[in-house]
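Just so you know, these numbers come straight off a predicted model, no measurement behind them. Each ligand, and each atom within it, is numbered from 1 in the order the structure gives.
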Amino acid sequence: MCGIVGYIGNRDGADIVLAGLKALEYRGYDSAGIALLDKKGTAHLFKQVGRVDGVEKLLLADDPGDAPAAIGHTRWATHGGPSVLNAHPHANSDESIFVVHNGIIENYAELKEWLIKEGAQFVSDTDTEVMAHLIDHYYKQSKSFEEAFTKALKEVRGAYAIVAMTTHEPGKLFAARLSSPMVIGVGKDECIVASDPSAILQHTKKVIYVQDNEMVIVEAGKCTITDLMHDKKVLRETETLDFDINQADLGDYPHFMLKEIYEAPQTIRLASLGRVNADTNTVKLGGLESVTTQLSHVDRIVIVACGTSYYAGLVGEYLLEEIAGIPVEVQLASEFKYRDEPFCRSTALLAISQSGETADTIAALKKVEDYGVLRLGIVNAVGSTIARMTDAGVYCHAGPEQAVASTKAFIAQVMVLTQIALNLAKEGHALYKPMLAEIEALPAKAEAVLKQADTIKAIAEKYKNYRDFLFIGRRYAYPVALEGALKLKEVSYIHAEGYAAGEMKHGPLAMIDENFPTFALAGDGPLLEKTISNMQEIRARKGKIVAVTTEGTKAVAQHADDAIYIPATLEQTEPILQAIVMQLFSYYVATAKGYNVDRPRNLAKSVTVE
Ligand code: AGP
């Protein structure tokens with residue numbers, strides 16, 4: 001997903017924008033660029049395929065001096081492959097207008113055809129370049145940049161977070177948002193526009209979240225917001241960002257992914273801080289208090305999410321059904337949007353998203369906008385689109401997750417789902433007290449799992465060259481098997497499948513031989529014997545097995561080639577500990593193969609396009 005940073009103020013915007021782009025590198029990109037206006041209002045443009053460092057080298061070589069205005073971009077190619085010409089910022093023909101854009105202009109082809117007929121000369125294959133020429137077309141008519149920018153915005157369809165800069169008005173940036181995230185840091189006599197707060201954090205915590213259909217004129221320390229739907233000015237107070245810079249820093253870790261895996265104990269604590277109290281036997285979720293009455297009438301929950309968040313939702317299905325006694329259906333957001341399913345008003349929609357900006361999940365929420373149903377969210381990024389679209393929700397409080405592969409977010413999401421299930425549990429549920437006690441004990445148990453890192457690393461070394469992997473589990477461990485397979489896939493590029501262990505005889509067993517190992521999640525729960533028999537089926541076909549089982553369980557190791565032991569816990573809280581094992585295993589396989597675990601090929605941290 002692309003990254004945008006813009007600066008207007010009295011410091012050198014080039015330094016700030018380039019540093020901001022580096023803070024956004026975790027999102028994944030293939031080219032980068034920056035446009036700046038020097039103190040005389042002269043424009044300079046630097047673009048490069050590859051890393052932000054390459055753009056920095058070009059700029060230093062040219063040494064344009066301090067730039068009070070600058071806009072920069074990291075591009076994840078959609079229309080047109082990675083190239084200098086396709087890199088942003090894009091400009092009009094006389095380079096008096098520069099534009100950076102995150103999203104998609106769906107009607108760019110027809111606009112481009114019309115603009116070419118009007119004499120525009122295009123140099124790239126991108127949809128974004130259309131915006132530069134469209135603004136230029138209207139500016140030539142009105143000589144008002146605000147009017148030209150507004151007119152151009154009203155012509156385009158699709159999704160955008162866009163920032164324009166012009167030599168016609170060097171003391172301003174012009175920003176607008178529709179469906180793609182945008183936040184503006186408001187400092188003393190300066191402003192920084194960005195796709196997400198990590199590019200702003202080191203300068204200010206005072207931010208304005210730009211909403212859909214809003215255009216903002218950004219000046220040094222001042223923002224003027226216009227609601228484009230109603231053509232009226234909007235007054236909005238700044239908010240304070242709720243995480244600090246060191247959370248977004250790598251610290252002594254080699255990769256963000258490892259750092260974020262090691263944050264698991266803290267993540268568990270933060271997700272339940274001020275919410276779970278084993279002494280008073282209560283689970284207090286402030287974010288749901290405003291909808292208590294509606295919740296009491298909910299007789300079904302549909303969970304919508306993507307990727308890892310979807311698998312967290314599957315754990316939530318078991319939790320909510322067993323503890324709260326509410327029927328749950330978990331659907332991939334990308335499928336939910338296009339399904340024609342009957343939807344009763346007593347059904348609640350629960351969206352789970354780390355970034356809060358995933359296009360498919362946003363689309364799912366938009367689909368039920370007029371259904372009159374309760375829309376809930378479990379989100380990590382405070383103030384994000386999904387957090388704002390839902391009627392109520394529970395934040396994960398996991399802090400920024402920089403690695404593309406989601407780790408601590410999964411832990412946090414399952415923790416929140418556990419607390420929601422307990423919060424909705426009927427009085428006196430047998431699991432209520434034991435789970436409250438177990439939640440208090442979980443951070444220490446997570447620490448114990450992390451202490452197995454060297455064992456897991458050695459196993460990863462042993463299995464890193466296999467080309468296929470199966471992950472199996474039953475009940476609560478089944479979604480963890482699915483998530484474990486996703487983790488291995490996305491950071492090590494090994495084909496991996498998660499399967500319900502009970503399904504082995506219905507097909508997957510045919511794949512098993514000495515070249516197709518299996519990760520068996522075989523905790524000491526009620527179905528252990530059945531999982532052991534699945535393991536026996538696999539070993540009878542020479543399949544190798546890595547078992548994850550409970551400390552002290554003797555019955556498993558004899559049926560596995562390798563065993564990883566985790567502390568005893570409830571079946572309902574075991575996914576948290578098993579997930580840490582999966583995450584470490586995937587991390588060590590990928591690093592043993594020399595891959596970039598924080599930025600896996602072809603992937604982006606938050607998929608803000610369908
Ligand atoms: C998880 O490791 C992936 N990076 C991806 O599947 C992610 O979980 C998915 O894109 C959903 O993102 P969200 O939680 O921000 O909505």
Side-chain angles (χ1 to χ4, degrees), residues 1 26-28 76 179-181 195-196 198 255-258 260-261 267 303-316 330-337 349-366 376-390 393-396 398-417 471 479-480 482-494 496 498 579-580 582-587 590 595-610:
M1 190 194 60
Y26 71 88
R27 301 154 73 98
W76 190 60
S179 299
S180 287
S195 311
D196 83 41
S198 44
H255 302 103
F256 278 110
M257 185 176 174
L258 190 63
E260 286 152 9
I261 293 170
T267 300
I303 296 176
V304 290
C306 304
T308 287
S309 300
Y310 170 76
Y311 298 134
L314 287 174
V315 178
V330 188
Q331 296 188 34
L332 288 168
S334 55
E335 284 298 309
F336 175 82
K337 178 181 176 185
L349 191 81
L350 171 56
I352 303 177
S353 176
Q354 186 289 127
S355 63
E357 301 299 347
T358 299
D360 290 323
T361 312
I362 289 170
L365 282 166
K366 278 191 176 152
L376 302 173
I378 296 176
V379 176
N380 191 36
V382 174
S384 55
T385 302
I386 291 172
R388 292 169 180 278
M389 286 178 77
T390 45
V394 184
Y395 278 123
C396 291
E401 185 177 68
Q402 311 267 20
V404 165
S406 194
T407 52
K408 64 176 181 176
F410 177 83
I411 303 285
Q413 288 163 349
V414 173
M415 284 302 300
V416 168
L417 285 158
F471 289 73
V480 184
L482 296 172
E483 167 57 12
L486 174 63
K487 251 340 79 17
L488 187 64
K489 268 194 278 267
E490 64 177 330
V491 295
S492 72
Y493 317 149
I494 293 172
I580 298 170
M582 304 284 110
Q583 293 164 6
L584 284 171
F585 177 75
S586 302
Y587 171 80
Y595 294 150
N596 183 341
V597 281
D598 284 344
R599 291 193 293 280
R601 67 184 183 190
N602 310 337
L603 298 182
K605 179 59 185 171
S606 172
V607 184
T608 59
V609 292
E610 275 203 54

No-hydrogen, no-angle side-chain donor-acceptor test under 3.5 Å, Asp360 and Thr358: no
Is it the case that the side chains of Thr407 and Lys487 hold a donor-acceptor pair, with the cut-off being a distance below 3.5 Å and no angle test? no
Do Ser384 and Glu357 meet the criterion of a side-chain donor-acceptor pair at a distance under 3.5 Å? no
Which of the listed options, Thr358, Ile378, Ile362, holds the heavy atom that is closest to atom 12 (O) of ligand 1? Thr358
At what distance is the nearest protein heavy atom to atom 10 (O) of ligand 1, and which residue and atom is it? Val607 CG2, 4.2 Å
Gln354 side chain to Ser406 backbone, donor-acceptor under 3.5 Å: no
Do you know the tightest heavy-atom contact between Pro400 and Lys408? O-NZ, 3.1 Å
Look at atom 2 (O) of ligand 1 and say which protein heavy atom is nearest, naming residue and atom and giving the distance to 0.1 Å. Glu490 OE2, 2.4 Å
Could you tell me whether a side-chain N or O of Asp598 sits under 3.5 Å from a main-chain N or O of Met257, the two making a donor and an acceptor? yes
Ligand-residue contact atoms, ligand 1 with Ser309, heavy atoms, under 4.0 Å: 8 (O), 13 (P), 14 (O)
Heavy atom under 4.0 Å from ligand 1: found in Lys487's side chain, backbone, both, or neither? side chain
Which ligand 1 atoms, with their elements, are less than 4.0 angstrom from a heavy-atom of Gln354? 13 (P), 14 (O), 15 (O), 16 (O)
Hey, which atoms in ligand 1 end up nearer than 4.0 Å to a heavy atom of Val404? 2 (O), 3 (C), 4 (N)
Atoms of ligand 1, numbered as shown, that sit under 4.0 Å from any heavy atom of Ser406: 1 (C), 2 (O)
Atom 15 (O) of ligand 1 - nearest protein heavy atom and its distance: Ser355 OG, 2.7 Å
Sub-3.5 Å donor-acceptor pair from the side chain of Ser492 to the main-chain atoms of Lys489, do we have one? no
Protein contact of atom 6 (O) of ligand 1 - nearest heavy atom, named by residue and atom, plus distance: Gly307 CA, 3.2 Å
Can you tell me which portion of Thr308 lies within the under-4.0 Å heavy-atom range of ligand 1? Options are side chain, backbone, both, or neither. both
Which of the atoms of ligand 1 are close to Ala405, meaning less than 4.0 Å from one of its heavy atoms? 2 (O)
Distance to 0.1 Å, residue and atom name: give those for the protein heavy atom nearest to atom 9 (C) of ligand 1. Cys306 O, 3.8 Å
If only atom types and distance count, is the side chain of Gln413 paired as donor or acceptor with the main-chain N or O of Ala312 below 3.5 Å? no
Using a heavy-atom cut-off of under 4.0 Å, does the side chain or the backbone of Glu357 touch ligand 1, or both, or neither? neither
Minimum-distance pair of heavy atoms, taken over all atoms of Gly316 and Leu417: CA-CD1, 3.9 Å
